[in-house]
K.L.:
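Starting off with a structure, shown below.
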Amino acid sequence: MLKVLVCVSGGGTNLQAIIDAISNNKITNAKIVRVISNNPGAYALKRARDAGIDGICISPKDYADRGLFHEGLLRAVREKEPDLIVLAGFMVVLPEEMIQAYRNRIINVHPSLIPSFCGTGFYGLKVHEKVLERGVKVTGATVHFVDEGTDTGPIILQKAVAVEDNDTPEILQKRVMEQAEWQILPRAIDLIANDRITIQSGKVHIQD
Ligand code: GAR
């Protein structure tokens, strides 16, 4: 049974998609052992509580400096000995020590087709604002492994979503979540939980 730890910062709709996929067996061989939020007010923490999952807040505001916050975060992760860490809308740059300790065991969902509209400054609604500014006709979402760069790790799954003429950033964000993120994030976890993913030369291969 894959022990999954989920890191969140906000609404937690991706967390909810994972919780639902576990309860309806779209994800098998996995359980969520903890949810960590950097934001005490995150609705995601309520979702964890409602599902009977251990949910805790590790806020930078409760630590004297960034180094101590990073230590606190890593301690809260290690306590649960997770096999997989899922960043589901986690708006914190991970400490390098955590990336090294959990190499190829951290995945992230990003609301665009990487390598478009990603990297520093591209997160949440901002991604969809930039997509609309540029006028692309197709966007989507990506699930990838996390390495030391920003959105640079091996890509696991991607799904395209159409941009429509009258889209606002909010409308587009919702469509990308519904049609892409909430599908491919649970799917990626299921693939990992069932040993169907390998990484060779920085590329992900999926066994049928
Ligand atoms: C999601 O759209 C996720 O892809 C994005 O934040 C949102 C969180 O929503 N993540 C990033 O932009 C990371 N670079 P949620 O809290 O409702 O799951």
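Both counts, for ligands and for their atoms, begin at 1 and track the order of listing.
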K.L.:
Got a sec, which residues hit salt bridge (charged side-chain N to carboxylate O under 4.0 Å, His left out) with Asp151, two or more places apart in sequence or on another chain?
P.N.:
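Residues passing salt bridge (charged side-chain N to carboxylate O under 4.0 Å, His left out) with Asp151: none at all.
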K.L.:
Within the 4.0 Å heavy-atom shell around Gly124, which atoms of ligand 1 are there?
P.N.:
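Result: 11 (C), 12 (O).
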K.L.:
Go through ligand 1 atom by atom and flag the ones less than 4.0 Å from a non-hydrogen atom of Glu181.
P.N.:
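Per the distance check, 1 (C), 2 (O), 3 (C), 4 (O).
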K.L.:
Looking at Tyr123, which atoms of ligand 1 are within less than 4.0 Å of one of its heavy atoms?
P.N.:
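Answer, ordered by atom number: 12 (O), 14 (N).
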K.L.:
Determine, considering heavy atoms only, which of Gly10, Gly89, Gly12 sits nearest to atom 16 (O) of ligand 1.
P.N.:
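Residue with the shortest heavy-atom distance to the ligand atom: Gly12.
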K.L.:
Does even one non-hydrogen atom of Val109 get within less than 4.0 Å of ligand 1?
P.N.:
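Contact present.
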K.L.:
Under a single-linkage definition using a 4.5 Å side-chain heavy-atom cutoff for Ile, Leu, Val, Met, Phe, Trp and Tyr, are Ile156 and Val6 assigned to the same hydrophobic cluster?
P.N.:
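As far as the 4.5 Å side-chain criterion goes, Val6 and Ile156 are connected within one cluster.
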K.L.:
Just to confirm my output: which protein heavy-atom neighbour is closest to atom 14 (N) of ligand 1, and how far is it?
P.N.:
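Residue, atom and distance for the closest contact: His110 ND1, 3.3 Å.
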K.L.:
Counting non-hydrogen protein atoms only, what is the nearest one to atom 6 (O) of ligand 1? Give residue, atom name and distance.
P.N.:
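For atom 6 (O) of ligand 1, the nearest protein heavy atom comes out as Met91 CE, 3.3 Å.
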K.L.:
Going only through I, L, V, M, F, W and Y residues with side-chain contacts under 4.5 Å, is there a path from Leu84 to Ile18?
P.N.:
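Looking at the clustering, Ile18 is in the same group as Leu84.
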K.L.:
What protein heavy atom sits nearest atom 11 (C) of ligand 1, and how far off is it?
P.N.:
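Checked against all protein heavy atoms, atom 11 (C) of ligand 1 sits closest to Pro111 CD, 3.7 Å.
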K.L.:
Would you say Ile32 ends up clustered with Val143 if hydrophobic residues are merged whenever their side chains have heavy atoms under 4.5 Å apart, either directly or through other cluster members?
P.N.:
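Hydrophobic grouping puts Val143 with Ile32.
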K.L.:
I'd like to know if Leu5 and Leu94 are part of one continuous hydrophobic network [Ile/Leu/Val/Met/Phe/Trp/Tyr, side-chain heavy atoms within less than 4.5 Å].
P.N.:
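Leu94 clusters together with Leu5.
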K.L.:
What's the separation between atom CG in Leu157 and atom CD1 in Ile184, rounded to the nearest 0.5 Å?
P.N.:
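Leu157 CG to Ile184 CD1: 6.0 Å, rounded to 0.5 Å.
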K.L.:
Among all protein non-hydrogen atoms, which one is nearest to atom 7 (C) of ligand 1, and what is the separation to 0.1 Å?
P.N.:
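That would be Met177 CE, 4.1 Å.
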K.L.:
Regarding ligand 1, does Thr13 bring an N or O atom to under 3.5 Å of one of the ligand's N or O atoms?
P.N.:
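For ligand 1, there is an N or O atom that lies under 3.5 Å from one belonging to Thr13.
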K.L.:
Check whether any side-chain heavy atom of Ile85 sits under 4.5 Å from a side-chain heavy atom of Met98, and report yes or no.
P.N.:
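Yes. Closest side-chain heavy atoms under 4.5 Å.
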